[in-house]
Amino acid sequence: MRYHGGMKKLRFRFSLRTVIVVTLLFAGYFACWPVTEQQGVDDVSRHRHERHQQLHSVKPIAPLIVRGTDLSGRLNKRDKNGVYSLNSVQYHHEYYVWFFGFVIKVYGPVTPPE
């Protein structure tokens, strides 16, 4: 390394093996996206159904990461057509890490055990 004007020039050096391994890991992670869209959504829905807790929607937000949205609100009285309307709607998001059949809740509102 040479000194230019009193400052040391910093150069990173990577081996070809390191570049190939990092590229393969990166590509492998993003190759999991279609599998997460199909199997991951089903596994998270099944995981919640086994605990008698339904989610409004379950969608993948990244490879191996699934977000479940719970919709809750209060019903008003019926209007003149006999239809109930929602007074206020609250969305609660729960995040899950899915790894080929294993489901781990990583963030969401805590519900006390029954």
Side-chain angles (χ1 to χ4, degrees):
M1 302 223 177
R2 294 183 176 189
Y3 293 97
H4 298 285
M7 295 187 63
K8 187 176 182 181
K9 188 174 182 182
L10 179 65
R11 296 180 70 182
F12 295 107
R13 297 180 65 176
F14 299 104
S15 68
L16 182 59
R17 182 185 338 169
T18 304
V19 172
I20 290 173
V21 167
V22 169
T23 303
L24 287 175
L25 288 173
F26 188 75
Y29 174 71
F30 282 101
C32 293
W33 188 281
V35 181
T36 305
E37 286 180 338
Q38 297 169 1
Q39 191 64 32
V41 169
D42 293 340
D43 286 347
V44 169
S45 296
R46 190 177 311 114
H47 173 77
R48 292 286 299 195
H49 183 69
E50 289 172 355
R51 285 158 180 74
H52 305 291
Q53 300 168 339
Q54 296 294 332
L55 289 173
H56 178 69
S57 67
V58 179
K59 296 179 181 178
I61 58 170
L64 307 178
I65 300 175
V66 180
R67 179 180 72 192
T69 303
D70 187 17
L71 177 67
S72 62
R74 287 183 276 168
L75 291 175
N76 281 340
K77 297 179 181 178
R78 291 183 187 196
D79 62 4
K80 61 183 176 183
N81 296 328
V83 178
Y84 285 103
S85 62
L86 288 173
N87 185 16
S88 62
V89 178
Q90 296 177 348
Y91 293 96
H92 299 285
H93 299 293
E94 298 178 351
Y95 296 90
Y96 297 88
V97 172
W98 171 81
F99 191 74
F100 302 99
F102 297 104
V103 177
I104 301 169
K105 182 177 177 180
V106 292
Y107 178 75
V110 178
T111 56
E114 295 178 12

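Owing to the predicted nature of the structure, the values given are computational and were not obtained by experimental measurement. FYI, side chains are in, hydrogens and waters are out, and symmetry mates aren't considered; it's all heavy atoms of this structure.
- Note on residues 17-31: pairs passing side chain to side chain donor-acceptor pair (under 3.5 Å), not counting sequence neighbours, are S15-T18.
- Between P34 and A31, the shortest heavy-atom distance links the atoms CD-O, 3.3 Å.
- Both I104 and F99 are members of a single hydrophobic cluster when ILVMFWY side chains are connected at heavy-atom separations under 4.5 Å.
- Residues satisfying the salt bridge (charged side-chain N to carboxylate O under 4.0 Å, His left out) test with R48, not counting sequence neighbours, are E94.
- Residue pairs satisfying the salt bridge (Lys or Arg N to Asp or Glu O under 4.0 Å) criterion with at least one member in residues 19-46, sequence neighbours excluded, are listed as follows: D43-R46.
- Hydrophobic clustering, with ILVMFWY side chains joined whenever heavy atoms are under 4.5 angstrom apart, keeps F102 apart from V44.
- Contacts of F26 classified as ring pair (Phe, Tyr, Trp, His ring centres under 6.0 Å), with partners at least two apart in sequence or in another chain: F30.
- In this structure, the ring pair (Phe, Tyr, Trp, His ring centres under 6.0 Å) partners of F100, at least two apart in sequence or on a different chain, are W98.
- To the nearest 0.5 angstrom, Q39 atom CD is 12.5 Å from C32 atom SG.
- By the criterion of side-chain heavy atoms lying less than 4.5 angstrom apart, applied directly or through intervening Ile, Leu, Val, Met, Phe, Trp or Tyr residues, L24 is not grouped with F14; the two fall into different hydrophobic clusters.
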Tabulate below the donor-acceptor pairs under 3.5 Å that side-chain atoms of residues 58-68 make, not counting sequence neighbours, or state none.
none

